[in-house]
Amino acid sequence: MNKQVVFQTMYWIAFIIGSGSWYYVFTMDYGIVYTIIITFFTGIWAVLVAAAALKNKLLIVLSVLMFLSPYLLFAFTLLFLN
């Protein structure tokens, strides 16, 4: 199997797990804590795979946005809903 395919599969699995963690925000009390923890680790993992193995700038940006998404949600709520 090609190494590129293996790294792409690892990247997308990490990205799907990180994106799927937003389910906890809407279904559990204090689910944002789980979302922050999961997106932190999967975001870091996805950035490392995209930067080191895939060398794809679009995937790096996508991973950084996933990593920052809970914090962007906090910033949005503080700025616009306060």
Side-chain angles (χ1 to χ4, degrees):
M1 188 173 228
N2 189 1
K3 287 184 182 180
Q4 198 76 355
V5 174
V6 172
F7 286 122
Q8 285 180 354
T9 305
M10 288 172 30
Y11 174 83
W12 287 110
I13 287 172
F15 189 81
I16 289 169
I17 290 170
S19 299
S21 70
W22 280 95
Y23 171 78
Y24 295 123
V25 172
F26 305 110
T27 59
M28 296 175 60
D29 293 335
Y30 302 106
I32 192 70
V33 175
Y34 294 112
T35 300
I36 290 171
I37 293 169
I38 293 170
T39 56
F40 177 78
F41 288 114
T42 56
I44 293 293
W45 177 254
V47 167
L48 290 175
V49 169
L54 299 176
K55 296 180 177 81
N56 190 335
K57 291 180 183 180
L58 179 64
L59 294 181
I60 294 169
V61 170
L62 194 63
S63 302
V64 169
L65 286 175
M66 182 185 64
F67 173 74
L68 294 176
S69 62
Y71 307 108
L72 295 174
L73 176 70
F74 285 142
F76 175 78
T77 57
L78 288 175
L79 289 174
F80 297 110
L81 299 179
N82 198 357

Membership question, hydrophobic clusters at under 4.5 Å side-chain separation (ILVMFWY): are [Y] and [X] in the same one?
| X | Y | result |
| --- | --- | --- |
| Ile17 | Val25 | no |
| Met10 | Val5 | yes |
| Phe80 | Leu72 | no |
| Leu79 | Leu65 | no |
| Tyr24 | Leu68 | no |

List the atom pairs, donor and acceptor, that lie under 3.5 Å between side-chain atoms in residues 33-57 and the rest of the protein, sequence neighbours left out.
unit_1	atom_1	unit_2	atom_2	d
Thr35	OG1	Ser21	O	2.8
Thr35	OG1	Gly31	O	3.1
Thr39	OG1	Thr35	O	2.7
Thr39	OG1	Ile36	O	3.3
Thr42	OG1	Ile38	O	2.7
Lys55	NZ	Ala52	O	3.3
Asn56	OD1	Leu58	N	3.1

Just wondering, are more than 12 heavy atoms of other shown residues or ligands nearer than 6.0 Å to OH in Tyr71? yes
Tell me whether Asp29 at atom CG has more than 12 heavy atoms from other residues, nucleotides or ligands lying less than 6.0 Å away. no
For Tyr11 against Leu59, the heavy-atom pair lying closest together: OH-O, 3.0 Å
In Å, rounded to the nearest 0.5 Å, how long is the span from CD of Gln4 to OG1 of Thr9? 10.5 Å
Rounded to the nearest 0.5 Å, what separates atom CZ in Phe15 from atom CH2 in Trp12? 6.0 Å
Please confirm whether the backbone N or O of Ile16 pairs with a side-chain atom of Ser19, one donor and one acceptor, at under 3.5 Å? no
